[in-house]
Amino acid sequence: VNANRGPMPAPPDSATATASAWTFWIAAVIGAGIMFYGVRGLLADQTGPALTSFGKWFIGADVLHDLVIAPVACTIGWALGRVLNPPWRFPIQAGLFASAVVFVIGWAPLRGYGRDTVPTNTTVDPLNYVSAIATVLAFVWIVVALWVAIARWRQRHTTLTSPTATDRNQSE
Amino acid sequence: MTTAERGSASGLEPKSRRTPMSIGRDTMARVQSRFTSPLHDERIAAWLGIALGVCFATAFITGLYSHFAQHPPSWFELPARPAGLYRITQGIHVATGIASIPLLLAKLWVVFPKLFHWPPFESVAHFVERVFLFPLVAGSLFLLVSGLANINLWYPWAFAFPKAHYWAAWITIGALVAHIGAKWSITRSVISRRPARLPVDDAPETARVPAVIGAAHVAALADRRRFLATVFGVSGIVTLFTLGETVSPLSKLALLSPRRPNVGPQGFPVNRTAYSARVRRTAVSPDFRLIVEGKVSRPLSLSIDEVRSLPQHSATLPIACVEGWSTSQHWTGVRVRDLLEMVGAAPDATVHVQSLEPIGGYASSDIDTVQAHDPDTLLALLVNNEPLELDHGYPLRLIGPGRPGVLQTKWVTRLVVA
């Protein structure tokens, strides 16, 4: 799916183009060798259902990202861009991005997946992760609120101090 | 104006002359035209790419070190000093992995419009470059998802995590090397020049007045800076709220970590409990013996009281788990090198350590010559001057400097000297 991502850079002149092509082909050969080592090791270590499972997760992560996560992120960003105006727009988009990442990282402890794996081990997931994640999100959104407040203050300050068209004409 | 003429005027071919290639091109052009944000920008992509490259290279090197520590090739000897080396390398490994999550998501969003580039490739080199992008993106996502699940002890798959993660890292790094080769020139060019001015053609008709274009340019630059600052800031925030599982002064901030370094029996965590290891009876049995055998002139079989009567030594050593948490504790017990001397082992002896644990990948471990003769490699009886709790390896556990936690074998009952 990602084989369509990113065109080859267009070098500015022929000397640079030659150097760039050499850099690419040398890197491609070295990279292919390293990948071959990895694939060979993988095939030697993982067979049958384990290899199938690996394939599902390896390919599935990419497909899920390209077909679901990225389009959803783009759609939300686009919708917020239409609904919100500066100085609200960017801080809120940033706050949502931060919140999403916090949820990605906190999801497993929040659901207690580790505790389910080793129920006798009380040192796994030792916190109340509802309040722990709420605390992190509160931190994120306090930063967002401060950001908006500063941006609004600066916007207002700039509007009040910038000379009007009449002032400029008079000074000329 | 007819429909065909409207198509031509908008750069599209009339319907009657449309081929699959032109349909594909038009479709992709329409999709690409939807991405109007100036943040889908090569300069942002370059900076995020550099940050990701540094993080992935760091995680790869520290991951290799962890792999060699657990599965040493013939040429590798695990250094005993500095005693906290593995704690540092594995802490960095997990921290860079977590820090990479927002970086990778942002990078993929920035370059997402290029997914719809048409034609799919323009030359052989272009084709090869794009072929490498699949293992790069899939591998990066796989490494971060599987690594994150592993630190949470969550295994919703049928493959063996350590091996799959290890080989996926090689595949991803190989693709990364090729990608760096492809992007080296443009990345250098982009980061070494001042940000380009917005092309005039991109500005609305009514805005093609120098002052207005200048304002739009300044606003776009500010957007790019804010975007990068946000992504790096989020990366810093999630690092801040997880790093406390290995950096003790930050432990109260470890709100997103599945472990706290000061939570557990005797004040620190456990990875494998006595219940899971099925040693709850054998570890407390009065018949317990520590046996030292193999290439020795005087084999030993000691009761736990006899082990307690041997010369004791104390050391403050870290216990550092592959999942990223670590903590330093004060251990007291018998030096392994003293036991080797008692049994008349060779000066270059190595030791295979066996646990009471009947099965499991970590029911035994090996101590190389350097580790075996280190004065701080102990069979510990006490931690912080208290007898070990059952979950921490009572009656005896191995603790040595610079060793991964999984090699600090618990419930030790046999040393086989080689």
Side-chain angles (χ1 to χ4, degrees), chain A residues 1-9 11 16 20-21 23-24 26-28 30-32 34-35 37-39 41-42 45-46 49-50 53-54 57-59 61-62 65-66 70 73-74 90 94 97-98 101-102 104-106 108-109 113-114 117-118 120-121 123-127 132 135-136 140, chain B residues 98 101-102 108-109 111-112 114-115 117 120 125-126 128-135 137-138 141-142 145 148-149 152-154 157-160 163-164 167-168 170-171 173-175 177-178 180-182 184-186 226 230 234 237-238 241 255-256 258-260 263-264 269-270 273 275-276:
Chain A
V1 177
N2 285 284
N4 280 329
R5 224 178 242 139
M8 189 74 172
T16 313
S20 178
T23 305
F24 170 67
I26 290 170
I30 295 171
I34 296 171
M35 281 180 61
Y37 176 72
V39 171
L42 179 76
D45 267 350
Q46 309 277 320
S53 178
F54 176 89
W57 280 82
F58 193 86
I59 297 167
D62 192 6
H65 173 270
D66 287 352
C74 289
F90 200 88
F97 173 62
V101 173
V102 167
V104 165
I105 294 169
Y113 291 139
T117 305
V118 281
T120 58
N121 190 343
T123 70
V124 176
D125 299 339
L127 304 180
T135 306
V136 178
V140 166
Chain B
I98 290 172
I101 292 171
L108 292 179
W109 180 82
V111 298
F112 190 58
K114 292 184 176 181
L115 185 64
H117 181 81
H126 196 192
V128 171
E129 182 198 344
R130 291 184 166 204
V131 166
F132 275 113
L133 286 173
F134 171 68
V137 177
L141 289 166
F142 176 85
V145 169
L148 186 62
N152 285 286
L153 302 180
W154 179 36
W157 48 63
F159 54 81
K163 290 177 178 175
W167 293 119
W170 280 102
I171 294 169
I173 287 294
V177 168
I180 289 171
W184 183 260
S185 171
I186 195 168
R226 275 199 297 257
T230 297
V234 173
I237 285 173
V238 293
F241 286 112
L255 297 173
L256 300 177
R259 300 301 186 98
R260 278 281 177 94
V263 172
V270 172
T273 62
Y275 179 88
S276 300

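The sequence lines fix the lettering, A, B, ..., with proteins before strands; numbering per chain opens at 1.
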Heaviest contributor of heavy-atom pairs below 4.5 Å to chain A, chosen from B/W184, B/F241, B/W109, is B/F241
Indicate yes or no for a side-chain donor-acceptor contact from A/T123 to the backbone of B/V270 under 3.5 Å, with no hydrogens or angles considered.
yes
Most contacts with chain B, counted as non-hydrogen pairs under 4.5 angstrom, among A/D125, A/I26, A/N121, A/V118:
A/N121
What residue in B/A175, B/P102, B/A168 has the most heavy-atom pairs under 4.5 Å with chain A?
B/P102
Taking A/D62 for the side chain and A/F58 for the main chain, is one N or O donor matched with an acceptor at less than 3.5 Å?
no
Do you know which of B/A178, B/G264, B/P269 has the most heavy-atom pairs with chain A at a distance under 4.5 angstrom?
B/A178
So A/T117 and A/V124, do their side chains get closer than 4.5 Å, heavy atoms only?
no
Toward chain A, the part of B/V263 with a non-hydrogen atom under 4.5 Å
both
What part of B/V177 lies closer than 4.5 angstrom to a heavy atom of chain A: side chain, backbone, both or neither?
both
Under 4.5 Å, counting heavy-atom pairs only, tell me which of A/P49, A/A73, A/A108 racks up the most with chain B.
A/A108
Side chain / backbone / both / neither for B/I237 at chain A, heavy atoms under 4.5 Å
side chain
Picking from A/A61, A/A32, A/A28, which has the most non-hydrogen pairs under 4.5 angstrom with chain B?
A/A28
Taking B/S276, B/P135, B/A149 one by one, which has the highest count of heavy-atom pairs under 4.5 Å against chain A?
B/P135
Could I get the full list of salt bridge (charged side-chain N to carboxylate O under 4.0 Å, His left out) partners for B/R226, not counting sequence neighbours?
B/D223
Per-residue contact mode, A/L127 against chain B (heavy atom under 4.5 angstrom)
side chain
Looking only at B/V145, B/V128, B/V238, most heavy-atom pairs under 4.5 Å shared with chain A are made by B/V128
Would you compute the distance between atom CG of B/L115 and atom CZ of B/R130 and round it to the nearest 0.5 angstrom?
9.0 Å
With a 4.5 angstrom heavy-atom cut-off, which part of B/I101 approaches chain A: side chain, backbone, both or neither?
side chain
If you count heavy-atom pairs under 4.5 Å between each of A/V140, A/V39, A/V136 and chain B, which one has the most?
A/V136
Evaluate the side-chain proximity of B/W167 to A/F54: yes if any heavy-atom separation is below 4.5 Å, no if none is.
no
Keeping the roles fixed (side chain from B/S185, backbone from A/S20), state whether a donor-acceptor pair exists under 3.5 Å.
no
Between B/N152 and B/P258 (side chain of the first, backbone of the second, donor and acceptor by atom type, cut-off under 3.5 Å), is there such a pair?
no
What one should report as the nearest heavy-atom pair of B/L153 and B/R259 is CD1-NH2, 3.4 Å
